Amino acid sequence: MSRYEPGQIEKKWQSAWDEAGVFTAKIDPAKPKYYVLEMFPYPSGRIHMGHVRNYTMGDVVARYKSSCGFSVLHPMGWDAFGMPAENAAMERGGHPKDWTYGNIAVMKDQMKPLGLSIDWSREFATCDPEYYGQQQSMFLDMLEAGLVYRKAAVVNWDPVDMTVLANEQVENGRGWRSGALVERKELTQWFFKISAMADDLLSSLDGLENWPEKVRLMQANWIGKSQGLQFAFETVNAPEGFEKLEVYTTRPDTLGGASFAGISADHPLAKALAEKNEAIAAFAAECRKGGTTAEEIETAEKIGFDTGLRVRHPLDPSVELPVWIANFILMDYGTGAIFGCPGHDQRDFEFATKYSLPIIPVFVAEGGVEAPLSEPFVPMKSERVTYIRNVAGAGVKTGEQGILDAIALAEEKGFGEGVTKFRLRDWGLSRQRYWGCPIPVVHCPTCGVVPEKKENLPVELPYDVSFDKPGNPLDRHPTWRDVPCPKCGQAAKRETDTMDTFVDSSWYFTRFTAPRATTPTVMSDADYWMNVDQYIGGIEHAILHLLYSRYFARAMNVTGHLPAKSREPFDALFTQGMVTHEIYKTTDDKGRPVYHLPEDVIRQDSGVTLADGRSVEVIPSAKMSKSKKNVVDPMNIIASYGADTARWFVMSDSPPERDIEWTASGADATSKHLTRVWTLSDRVASMPSDYAGTGDLELQKAVARAVVEVTKSIEGFAFNKAIAVLYGLTNTLAKADASALVARDGMRVLAQLMQPMTPHLAEEIWAMQGGEGLCARAPWPKADPALLVDDVITLPIQINGKKRAEISVPKDLASSEVEKLALAHEDVVKFLGGNAVKKIIVVPGRIINVVA
RNA sequence: GCGGGUGUGGCGGAAUGGUAGACGCGACAGACUCAAACUCUGUUUCCGCAAGGAGUGUCGGUUCGAGUCCGACCAUCCGUACCA
């Protein structure tokens, strides 16, 4: 008597797939192609359940599409540059390169047993010189195309990681990795001109119909388009060179209610004043210091400083407004200067109240009358209001119209113009770090910034570096740093900054189409494989990675590395949920929290304890994280149950976009089910071939229905529903009294339908039931339409909307006949209790509703 | 604040405006067993002995019919934030 032994069969079939080269992606002009990609992992050293879920989803899609006759590209690589490698080197010694490649080897070993249908021949790591050399080549192309530039900028400086961070990498004023409070520092940096494409990146979101609405919305908010008026105040007593003060507003219709002008502490005018006035300098310093945590910003008081300067109101030069420096005005949005209209802006209202500035209403609720305001009146722009002090005509109109009128007036009078502004700013890519892609330029005292020659690429990272001092080891590596100028040949210095790792991940998906090419991409390969038909990854990348990738695809099109159709590189996006687990906590004798692994706690009715009986606090589920120890190691699951169980479990029960709670009992139950399937297959295989059962047609119909439903569910990313159908089909097969041939056919279909989820078990069953070749290569089953229709259907009968009975009728029976049968039904007669029937609704094939 | 999502049994969750709770977990009962585990069979929304009644966060509306559509509210989660 044999048994289901995943440990043996999984190895066996993985070798069989490898030998047959089933997953090697090949350009086949005769087939439609399908490119499925899961966001590639950072090689942290161990895979976790989230990886298993992510890659299994992609694998289900890849295997399904392959069965459907597509030429599938399903590659894998490593997002291998980044700070953890350097941090590890600093903390524990060793070299980032060794650490990274070591981790890659370990993680690959952990992924292999999952039986993923990945074309490993295309694998690369972003820290491979062959990869980042091509990235440098593209950087030079982008430089030439004017898509990259240098400028001095105030940057977010992470004092712990000793590097610059992008705005997006600052969370609540703290570095997203180090958690350190971010400082402001002025440095000359490289920037990608992403803001030049802001409008395109925004409007193209509309075309991404197979992206989650949520992601498109988050990107739209991030790009932050606004339309408004930019105009100049004439200053009265300002220093030389500041005769005008440019301000930007999205509410020019409230200009009539202006009671002050405000500038940022970083505004050039504020800086000029600070040079001569110590009080202003001190105030500006105070503003810059301001708190950076979420709480501090929320509760931060609005503070201001009256500069004593005044500006003339553009509509009435006799009116002069005071100029204040205020802590809530940002230098890098708009012009760094505003006018304040306290009547219709919460922030300006608070400020005006604090400093006793006039509060002048511009409009009132439609039909209302002017009255003193105790709070600002801020209706929706689409709402109609009565203008009482409008710059462009009084009367009732929407805010939107008022704004348009005000812009028109400003343009007519020549003091301002309508402009569109974006919140999105250029992408600073310089990092003062070693473990990243070197920026391939040389600084020459004579020629300035000189691009490295392409034939000298890659500019490879030197291996002989040390991390015993803070800062960038490239800065203190003379033989690497000191080079002749590529242009004039005299002594020069390499750029020692490396690129933000988001650059690496912004084009890796194009590189998979020709991973060994000596150019960044090969047009013919890119043209065949691009775009990514289905991209799968975490919602945490909704803004940064996806926006940068969209930008890069455009830039690669401009520089001739991608076809125009790939300007939007991801046709469909799916964001999967996390795998979560409860957290088990105790405290040590000093009151500090101590966390425990799930396998170290014992669950009893009385509560949760450790082995020694100490009771454990249970904290509700959260994303699995090493520091909280609420992790389940996939390797343990695979070792004890096999990969198919792990794969089936992470796909079952919950919709894939939702978080799932890992439960040991769930994994156990999954394993039992797969054993049942195996045992069933064993039983069917050993049936005498001439056995004739009585339930053949019934079983064939059930199989046909399952084919339709599983297909539909996989197409719709409803893997949990596909699995529910497969449970049902297994139960039906187990109970059916069918002929040996029909039962074996049914088992083979079950194997094929399970193949995307549990590929090893599927091959085993396929082989047991005499399937030809590999299950992975068998074409996806099709349902015979004749088996999908029933001659007799069961219809529920409702009386006043409540179900009271059901009847079986021939499929094509006329509605009038159905009505008669329904009204004659004994339960219907009973419930009607002699009441007259007012109306009867027959929805063919669905339901009958009797209204009494 | 603003934007978005989600609320269905003990639990995860199903349900083109048409039989609410598919499927799974757990629980309970039975069979097998000397016994236990495994396995198999059955029951399992709630109240009720039953007939029957109630029921998808709350309140209202549209409809022959609402978990599903509309309005208001409550709860909860996520994103985002001094953006002029």
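Letters A, B, ... mirror the listed sequences (proteins, then strands); counts begin at 1. These figures come from a predicted structure and were not determined experimentally. Reckoned from all heavy atoms, side chains included, excluding hydrogens, waters and symmetry mates.
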Inter-nucleotide [atom1] distance ([N], [M]), Å rounded:
| N | M | atom1 | result |
| --- | --- | --- | --- |
| rC46(B) | rA20(B) | C1' | 14 Å |
| rG10(B) | rG61(B) | C1' | 34 Å |
| rA84(B) | rC70(B) | P | 30 Å |
| rC83(B) | rC78(B) | P | 23 Å |
| rU19(B) | rG79(B) | C1' | 40 Å |

Would you give the length of the straight line joining atom [atom1] of [X] to atom [atom2] of [Y], rounded to the nearest 0.5 angstrom?
| X | Y | atom1 | atom2 | result |
| --- | --- | --- | --- | --- |
| Trp222(A) | Phe422(A) | CH2 | CZ | 15.5 Å |
| Ile539(A) | Glu657(A) | CD1 | CD | 10.5 Å |
| Met49(A) | Met578(A) | CE | CE | 15.5 Å |
| Thr794(A) | Glu806(A) | OG1 | CD | 6.0 Å |
| Arg251(A) | Ile403(A) | CZ | CD1 | 4.5 Å |

For [X], which contact category applies under a 4.0 Å heavy-atom criterion: base, sugar-phosphate, or nothing?
| X | result |
| --- | --- |
| Lys672(A) | sugar-phosphate |
| Thr249(A) | sugar-phosphate |
| Leu795(A) | nothing |

First of Ala669(A) and Ile660(A) reached from the 5' end of RNA chain B, by closest nucleotide: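 Its nucleotide being nearer the 5' end, the pick is Ile660(A).
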query: Where along nucleotides 14-23 of chain B does protein come under 4.0 Å, by heavy atom, of base (B) or sugar-phosphate alone (S), with - for untouched nucleotides?
result: SSB-BB--BS
query: Between rA81(B) and Arg423(A), is there an OP1 or OP2 to side-chain N/O distance shorter than 4.0 Å?
result: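 Checking Arg423(A) against rA81(B): at least one side-chain N or O falls below 4.0 Å of OP1 or OP2.
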- prompt: Looking at rC82(B), does its base get a donor-acceptor pair with the side chain of Lys302(A) below 3.5 Å?
  reply: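 Check passes, donor-acceptor contact within cut-off.
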Donor-acceptor contact below 3.5 Å, side chain Ser681(A) vs main chain Val677(A):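 No, the answer is negative, given that no donor and acceptor are paired below the 3.5 Å cut-off.
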field: Base-paired stems in RNA chain B, each at least three Watson-Crick or G-U pairs under 3.5 Å
entry: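 Stem list for RNA chain B: B:1-7 with B:74-80, B:10-12 with B:23-25, B:26-31 with B:39-44, B:45-47 with B:52-54, B:57-61 with B:69-73.
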I'd like a table of atom pairs between the protein and nucleotides 42-52 of chain B - only N or O on both sides, under 3.5 Å - with the distance next to each one.
unit_1: rG52(B); atom_1: OP1; unit_2: Lys830(A); atom_2: NZ; d: 3.3

query: Do the charged groups of Lys225(A) and Asp199(A) touch, with an N to O distance under 4.0 Å?
result: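 Judged by the 4.0 Å cut-off on N to carboxylate O distance, Lys225(A) and Asp199(A) do form a salt bridge.
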query: Hey, do the aromatic rings of Tyr641(A) and Phe649(A) have their centres closer than 6.0 Å?
result: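 No, too far apart.
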field: Trace of the side-chain contact (heavy atoms from CB on, under 4.5 Å) decision for Ile797(A) with Phe831(A)
entry: CA-CA 11 Å; Ile797(A) 305 175; Phe831(A) 277 99; over 6 Å; no
task: Assign the ring pair Phe260(A) / Phe351(A) to parallel, tilted or perpendicular, where the plane angle (0 to 90°) is split at 30° and 60°.
output: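 Rings of Phe260(A) and Phe351(A): tilted, 30 to 60°.
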- request: Would you name the heavy atoms of Leu205(A) and Ala220(A) that are closest together and state the gap between them?
  value: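 Closest approach of Leu205(A) to Ala220(A), heavy atoms only: CD1-N, 3.7 Å.
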field: Syn or anti conformation of rG9(B), syn meaning chi within 90° of 0
entry: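 In terms of base orientation relative to the sugar, rG9(B) is syn.
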task: Decide whether Tyr248(A) and Ser226(A) meet the rule of one side-chain donor and one side-chain acceptor closer than 3.5 Å.
output: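 There is such a pair between these side chains.
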query: Out of rA84(B), rC82(B), rG3(B), which has the shortest distance to the side chain of Tyr248(A)?
result: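 Side chain of Tyr248(A) sits closest to rA84(B).
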